[in-house]
Peer 1: 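I have a structure I would like to understand better, so I am pasting it below and will then ask my questions one at a time.
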Amino acid sequence: MLDDIVALKKEISTYTVTNLEELETFRLEFLSRNGRVQSMFKNLGSVPKEDRAAVGKGMNEVKQLAQKRFDEAKTVLENSVSQTKSALGDLTLTAPSTPIGSLHPLTKTMDEMKQIFYRLGFTISDGPEVEDDFHNFTALNFPPNHPARDEQDTFFVRKSDDPNMMDLVLRTHTSPVQIRLMENTKPPIRSIMPGRVYRNEAVSPKSYFLFHQVEALYVDENVSVADLKETLITFVKLMYGSDVKYRLRPGFFPFTEPSLEMDIWWGSEKDGKWLEILGSGMVDPNVFDAAGVDSKKYTGFAWGMGVERIAILKYGIDDIRTFYENDIRFLEQFN
Ligand code: DAH
């Protein structure tokens with residue numbers, strides 16, 4: 001057996017391959033499943049026990065040798081083919097592909113949200129990211145000393161003691177767009193307002209000083225809490241599938257009464273937790289009054305959804321900072 005191995009090694013080392021057909025013949029003879037090397041392996045069982053280690057080792061060497069000879073011959077042949085072709089340029093080649101980027105997971109999530117609400121009859125509106133105090137706080141029924149008005153929570157762009165000059169802030173939520181929409185549009189209104197918001201918060205896996213919300217406002221005669229619930233439940237089922245586990249619980253916001261918050265179950269049945277994805281409620285009559293909508297005639301619902309939260313649940317991301325670090329290895333996963 002050992003002699004056979006030595007002979008085969010010799011044969012392989014001296015075998016000449018000058019074209020692709022011969023290369024294929026070589027492959028069939030030595031490397032294929034029914035080839036000579038493989039059939040030697042099949043006989044290993046009949047080799048006496050004490051020789052088996054040496055024979056096995058020899059066979060492996062033969063196998064590696066055949067593979068090496070094959071790879072070398074292949075490289076040589078391919079190079080010569082491409083050299084011939086490159087004299088003219090290879091006219092059969094397809095054009096080199098241009099690398100294309102991928103959509104950011106937040107953009108993808110936002111797009112999906114917009115599509116769902118479009119189906120539910122919502123238009124899209126937007127407003128400025130630098131807001132005045134009136135739209136960001138006062139018109140939304142925040143009392144004058146509410147903690148959100150504090151520099152600890154809010155980035156101020158301009159702070160003024162002059163009562164004729166309003167403070168300017170980076171909007172802390174998308175709710176001020178509701179006010180702008182009502183100032184400019186007569187009901188019925190059914191619109192979503194996606195955008196960036198800013199909060200003066202320490203950066204951690206759970207919070208960042210910038211994030212995204214999708215606000216919504218629906219104003220008409222006889223809009224009820226049942227409409228709000230129905231819309232929210234429809235949304236989470238379209239976003240996460242009809243078996244999504246959700247809960248609605250009472251909340252508090254100055255601009256809605258009553259207010260509701262919605263949580264989605266994150267993780268496995270046993271080992272998961274509730275993650276809050278939105279605040280919502282029935283528009284407070286004070287807000288209608290501040291925005292010039294007849295609060296006797298109209299009712300409405302509103303919500304503010306956290307887009308990062310929605311994306312975290314959709315894609316199983318556990319650190320909010322990964323959204324903003326632009327690490328290609330993270331972003332590539334969303335092709
Ligand atoms: N603006 C709230 C926030 O940023 C979220 C919110 C709650 C928006 C209730 C609403 C609403 O429109 O009705 O936390």
Side-chain angles (χ1 to χ4, degrees), residues 113 117 120 122-129 131 133-143 146-150 152-155 169-183 185 187 189-201 206-220 223-233 235-236 248-264 275-291 293 295 298-310 320:
M113 293 170 78
F117 291 120
L120 299 179
F122 286 78
T123 59
I124 297 184
S125 313
D126 67 7
E129 289 182 24
E131 255 308 354
D133 175 273
F134 176 76
H135 289 90
N136 197 76
F137 295 123
T138 309
L140 288 160
N141 205 28
F142 280 81
H146 191 280
R149 291 171 177 258
D150 201 301
Q152 299 219 306
D153 295 302
T154 302
F155 290 116
V169 299
L170 293 183
R171 67 180 179 195
T172 57
H173 51 179
T174 41
S175 303
V177 190
Q178 286 183 35
I179 305 296
R180 294 190 177 270
L181 194 58
M182 288 189 275
E183 285 170 338
T185 325
I189 296 171
R190 197 187 321 184
S191 194
I192 58 164
M193 295 145 258
R196 283 182 178 182
V197 303
Y198 303 84
R199 297 219 183 137
N200 195 354
E201 283 189 48
K206 289 210 167 53
S207 66
Y208 207 71
F209 51 85
L210 159 136
F211 54 101
H212 299 75
Q213 293 186 329
V214 170
E215 192 79 15
L217 178 68
Y218 181 21
V219 181
D220 204 344
V223 178
S224 70
V225 182
D227 298 323
L228 170 61
K229 284 188 178 170
E230 195 54 38
T231 311
L232 291 177
I233 292 169
F235 166 72
V236 293
L248 286 159
R249 53 187 170 77
F252 176 80
F253 302 98
F255 33 92
T256 44
E257 177 59 35
S259 304
L260 292 175
E261 291 181 349
M262 191 176 210
D263 304 330
I264 302 281
L275 196 66
E276 185 191 321
I277 56 160
L278 62 89
S280 68
M282 301 304 291
V283 180
D284 192 294
N286 289 344
V287 173
F288 279 146
D289 295 343
V293 170
S295 59
Y298 294 108
T299 52
F301 68 63
W303 72 65
M305 293 180 170
V307 180
E308 279 75 359
R309 292 291 180 87
I310 307 248
I320 195 170

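What you see is a predicted model; the values in this text were computed from it and never measured. For ligands, and for the atoms within them, numbers begin at 1 and follow the listed sequence.
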Peer 1: Taking all atoms of both residues into account, what is the closest heavy-atom pair of Ser125 and Ser191, and its distance?
Peer 2: OG-OG, 2.6 Å
Peer 1: Look at Lys206 together with Glu201 and state whether they make a salt bridge at an N to O cut-off of under 4.0 Å.
Peer 2: no
Peer 1: Under the side chain to side chain contact (heavy atoms under 4.5 Å, CB included) criterion, do Glu257 and Asn286 qualify, and how do the steps go?
Peer 2: CA-CA 10 Å; Glu257 177 59 35; Asn286 289 344; over 6 Å; no
Peer 1: Side chains of Arg149 and Thr172: any donor to acceptor distance under 3.5 Å?
Peer 2: no
Peer 1: Which of parallel (below 30°), tilted (30 to 60°) and perpendicular (above 60°) describes Phe301 and Phe122?
Peer 2: tilted
Peer 1: What residues form a ring pair (Phe, Tyr, Trp, His ring centres under 6.0 Å) with Phe142, not counting sequence neighbours?
Peer 2: Phe137, His146, His173, Phe255
Peer 1: Who are the residue neighbours of ligand 1 when the rule is a heavy atom under 4.0 Å from any of its atoms?
Peer 2: His173, Ser175, Gln178, Arg199, Gln213, Glu215, Phe253, Phe255, Thr256, Gly279, Ser280, Gly281, Ala302, Trp303, Gly304
